[in-house]
Amino acid sequence: QVQLVESGGGLVQAGGSLRLACAASGRTFSRLVMGWFRQAPGKEREFVAGISWLGAGGYYADSLQGRFSISRDNAKNMVYLQMNNLEPEDTAVYYCAAAALLGAPTRAGEFEYWGQGPQVTVSS
């Protein structure tokens, strides 16, 4: 099993930046994919970004690529989400997630492990 603990949520002004962090503990696997999702009130959970735990390069939702960046630190079992030029529409609960499968999953049902989901609020 894998446990995910997130940090870095909070309140930020529009146009500002914020970095979320996710620490993984417990069992880890070479084929584990890490991802970020977000969910706003009344909205479905939305894929944000993903990255292979041991591989290089991330992948993103088309609407967010260029503003958001995912990265990892294998030595610390950490994954990060750097969010730049934030907009009020980015306001949501952001979830770190892990999937034990191959490829580039983007659907919430493909991810088995989830963090607690800190709130990110962007004010105009």
Side-chain angles (χ1 to χ4, degrees):
Q1 301 297 311
V2 176
Q3 293 79 46
L4 304 176
V5 179
E6 300 178 50
S7 62
L11 176 65
V12 64
Q13 297 287 331
S17 298
L18 199 64
R19 189 177 77 158
L20 304 181
C22 176
S25 62
R27 297 181 65 186
T28 58
F29 304 92
S30 62
R31 57 187 174 93
L32 196 66
V33 175
M34 304 298 297
W36 291 95
F37 289 78
R38 68 184 186 182
Q39 188 167 23
K43 302 289 186 179
E44 295 184 355
R45 191 162 297 187
E46 175 189 19
F47 171 76
V48 174
I51 189 170
S52 175
W53 189 243
L54 296 179
Y59 55 99
Y60 305 87
D62 291 340
S63 62
L64 300 177
Q65 189 166 11
R67 294 196 298 119
F68 288 16
S69 298
I70 188 171
S71 61
R72 59 179 171 83
D73 186 333
N74 290 339
K76 299 179 180 179
N77 283 352
M78 298 284 292
V79 63
Y80 306 92
L81 182 68
Q82 178 67 44
M83 303 182 291
N84 299 321
N85 195 25
L86 285 163
E87 305 170 353
E89 293 75 18
D90 296 318
T91 295
V93 174
Y94 282 72
Y95 296 95
C96 176
L101 49 76
L102 301 177
T106 60
R107 291 177 289 187
E110 297 177 292
F111 288 78
E112 183 177 0
Y113 308 102
W114 294 86
Q116 76 275 18
Q119 173 75 40
V120 172
T121 301
V122 184
S123 61
S124 60

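What you see below is based on every heavy atom in this structure, not just the backbone, and it leaves out hydrogens, waters and symmetry mates.
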S.K.: Between Gln119 and Gly9, is there a donor-acceptor pair closer than 3.5 Å when you use the side chain of the first and the backbone of the second?
M.R.: no
S.K.: Please find the pair of heavy atoms, one from Gly10 and one from Leu18, that lie closest to each other, and give the distance.
M.R.: N-CD2, 4.2 Å
S.K.: Quick check against the 3.5 Å criterion: does Tyr60 have a side-chain atom that pairs as donor or acceptor with the backbone of Ile70?
M.R.: yes
S.K.: Give, for atom CZ of Arg19 and atom OG of Ser69, the distance between the pair rounded to the nearest 0.5 Å.
M.R.: 11.5 Å
S.K.: On a heavy-atom basis, which atom in Asn85 and which in Ser17 lie closest, and how many Å separate them?
M.R.: N-OG, 4.2 Å
S.K.: Out of Ile51, Asn74, Leu4, Leu20, which residue meets the side chain to side chain contact (heavy atoms under 4.5 Å, CB included) rule with Val79?
M.R.: Ile51
S.K.: Do any pairs count as a salt bridge (Lys or Arg N to Asp or Glu O under 4.0 Å) and have a residue in residues 44-53, sequence neighbours left out, and if so which ones?
M.R.: Arg38-Glu46
S.K.: Drop me the distance from Cys22's SG to Leu81's CG, to the nearest 0.5 angstrom.
M.R.: 10.5 Å
S.K.: Check the angle between the aromatic planes of Tyr95 and Trp114 and answer parallel, tilted or perpendicular using the 30° and 60° thresholds.
M.R.: perpendicular
S.K.: Specify the closest pair of heavy atoms between Ala14 and Ser124, including all atoms of both residues, with the distance to one decimal.
M.R.: CB-CA, 4.2 Å
S.K.: Under the ring-ring contact (aromatic ring centres under 6.0 Å, His included) rule, collect the residues that match up with Tyr80, sequence neighbours excluded.
M.R.: none
S.K.: If we ignore hydrogens and angles and just use 3.5 Å, is the side chain of Thr121 paired with the main-chain N or O of Thr91 as donor and acceptor?
M.R.: no
S.K.: Nearest heavy-atom pair of Phe68 and Val48: which atoms, and what distance?
M.R.: CD2-CG1, 3.5 Å
S.K.: Does the Glu6 side chain pair with the main chain of Gly117, one donor and one acceptor, at a distance under 3.5 Å?
M.R.: yes
S.K.: Are any of the side-chain heavy atoms of Asp90 and Leu64 separated by less than 4.5 Å?
M.R.: yes
S.K.: Only pairs under 3.5 Å count here: list side-chain donor-acceptor contacts from residues 102-112, not counting sequence neighbours, and write none if there are none.
M.R.:
from   : atom 1 : to     : atom 2 : distance (Å)
Glu110 : OE1    : Thr106 : N      : 3.2
Glu110 : OE1    : Arg107 : N      : 3.1

